[in-house]
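Report on the following structure.
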Amino acid sequence: MREDRQLLMLTHLSQLLGLVTGIGGFLVPLVIWLTQKEKVLGMDAHGKMILNFQISLFIYSIIAIPLIFLFGLGILILIGIGIIAIVFPILNAIKVNNGEIPSYPMSINILK
């Protein structure tokens, strides 16, 4: 196994493709994880972390949609989810590049 911080960083940043393409923020990290998890040191853990984060954001978005009809609360939740979806991949890419361990808050551990 080789250490490749740049690939790990790009994997975290690839989540931002979801803002442009819709589903690319899930598919690109999934493909990178599946193809590189046995070749790059730490890719398995980072890939699972990223996919758990993306699945969690999707679940929270689905929950927020019906809450739109309840005093507009869902709109505020969706705005918060959007901010989190932009900020944390960037912060964690910087952490990975610096050799630190990234973390995604409110992430449900579906893939273990």
Side-chain angles (χ1 to χ4, degrees):
M1 291 189 118
R2 71 187 199 294
E3 184 177 349
D4 193 349
R5 284 190 195 171
Q6 288 184 342
L7 183 60
L8 292 173
M9 180 184 70
L10 289 174
T11 307
H12 284 276
L13 289 176
S14 68
Q15 297 175 77
L16 299 176
L17 289 172
L19 302 172
V20 178
T21 63
I23 189 123
F26 180 78
L27 288 180
V28 173
L30 176 65
V31 170
I32 294 172
W33 173 61
L34 288 174
T35 59
Q36 300 297 315
K37 68 181 178 182
E38 295 178 5
K39 298 175 185 173
V40 176
L41 187 65
M43 179 59 78
D44 190 40
H46 286 268
K48 289 177 184 177
M49 188 183 312
I50 291 168
L51 294 176
N52 283 332
F53 180 66
Q54 288 296 312
I55 293 168
S56 299
L57 290 180
F58 179 74
I59 291 170
Y60 296 142
S61 298
I62 295 298
I63 292 171
I65 291 172
L67 294 177
I68 291 173
F69 301 110
L70 184 67
F71 308 116
L73 183 64
I75 294 173
L76 295 175
I77 294 172
L78 287 173
I79 291 170
I81 290 170
I83 292 169
I84 288 171
I86 293 171
V87 171
F88 280 100
I90 295 170
L91 288 176
N92 285 329
I94 293 169
K95 283 183 179 181
V96 167
N97 198 35
N98 293 334
E100 300 172 26
I101 298 173
S103 65
Y104 288 100
M106 303 181 334
S107 185
I108 302 167
N109 284 332
I110 296 168
L111 301 173
K112 296 180 182 192

- Query: Applying the 4.5 Å side-chain criterion to the ILVMFWY set and letting contacts propagate, would Y60 and I110 be lumped into a single cluster?
  - Reply: yes
- Task: Please check if I77 and L70 belong to a single hydrophobic cluster, counting links between Ile, Leu, Val, Met, Phe, Trp and Tyr side chain heavy atoms closer than 4.5 Å.
- Result: yes
- Can you check side-chain contact (heavy atoms from CB on, under 4.5 Å) on L7 and Q36, steps first, answer last? CA-CA 9 Å; L7 183 60; Q36 300 297 315; 3.8 Å; yes
- Message: Please check if the number of heavy atoms outside E38 that lie under 6.0 Å from its CD is greater than 12.
- Response: no
- Would you check if the distance from the ring center of H12 to the ring center of Y104 is below 6.0 Å? yes
- Main-chain N/O of A93 paired to N97 side chain as donor or acceptor, under 3.5 Å: no
- Flag yes if more than 12 heavy atoms outside I108 fall under 6.0 Å of its CD1 atom; otherwise flag no. yes
- Item | Min side-chain heavy-atom separation L73-I68 under 4.5 Å | no
- Do you reckon L10 sits in the same ILVMFWY cluster as V28, going by side-chain contacts under 4.5 Å, direct or chained? no
- Task: Report yes or no: do I23 and I59 belong to one cluster of Ile/Leu/Val/Met/Phe/Trp/Tyr joined by side chain heavy-atom distances under 4.5 Å?
- Result: yes
- Task: Check L13 against I90 and note the closest heavy-atom contact, atom names and distance.
- Result: CD2-CA, 4.1 Å
- Do I50 and W33 have side-chain heavy atoms sitting under 4.5 Å apart? no
- Side chains of M49 and S107: does their closest heavy-atom pair fall under 4.5 Å? no
- Task: Check whether any side-chain heavy atom of Q54 lies under 4.5 Å from a side-chain heavy atom of L30, and answer yes or no.
- Result: no
- Working to the nearest 0.5 Å, report the span between NZ of K48 and CG of D44. 4.0 Å
- Please name the pair of heavy atoms, one in L16 and one in A85, separated by the smallest distance, quoted to 0.1 Å. CD2-O, 3.8 Å
- Got a second to check how far I81's CD1 is from M106's CE, nearest 0.5 Å? 7.0 Å
- Task: Flag the pair V40 / R2 as yes when at least one side-chain heavy-atom distance between them is below 4.5 Å, and no otherwise.
- Result: yes
- Item | Distance in Å, L78 CG paired with I65 CD1, rounded so as to fall on 0.5 Å steps | 6.5 Å
- Item | Interatomic spacing from OG1 in T21 to CG in L17 - rounded to 0.5 Å | 5.5 Å
- Message: If you compare all heavy atoms of R5 against all heavy atoms of V96, which two are closest, and at what distance to 0.1 Å?
- Response: CD-O, 3.5 Å
- With side chains defined as the heavy atoms from C-beta onward, is the minimum distance between P29 and Q15 less than 4.5 Å? yes
- Message: Using a 3.5 Å distance criterion without hydrogens, assess whether the side chain of N52 forms a donor-acceptor pair with backbone atoms of L111.
- Response: yes
- Closest heavy-atom contact between E3 and L41? CA-CB, 4.3 Å
- Task: Measure the spacing between CG of N109 and OG of S56 and express it to the nearest 0.5 Å.
- Result: 8.0 Å
- Steps toward side-chain contact (heavy atoms from CB on, under 4.5 Å) verdict (L8, M43): CA-CA 7 Å; L8 292 173; M43 179 59 78; 3.7 Å; yes
- Message: Looking at every non-hydrogen atom in both residues, tell me the closest pair between I62 and P66 and how far apart they are.
- Response: O-CD, 3.1 Å
- Message: Can you confirm whether F26 sits close enough to L57 that some side-chain heavy atom of one is under 4.5 Å from a side-chain heavy atom of the other?
- Response: no
- CZ/F53 to CG/N92 distance, rounded to the nearest 0.5 angstrom? 8.0 Å
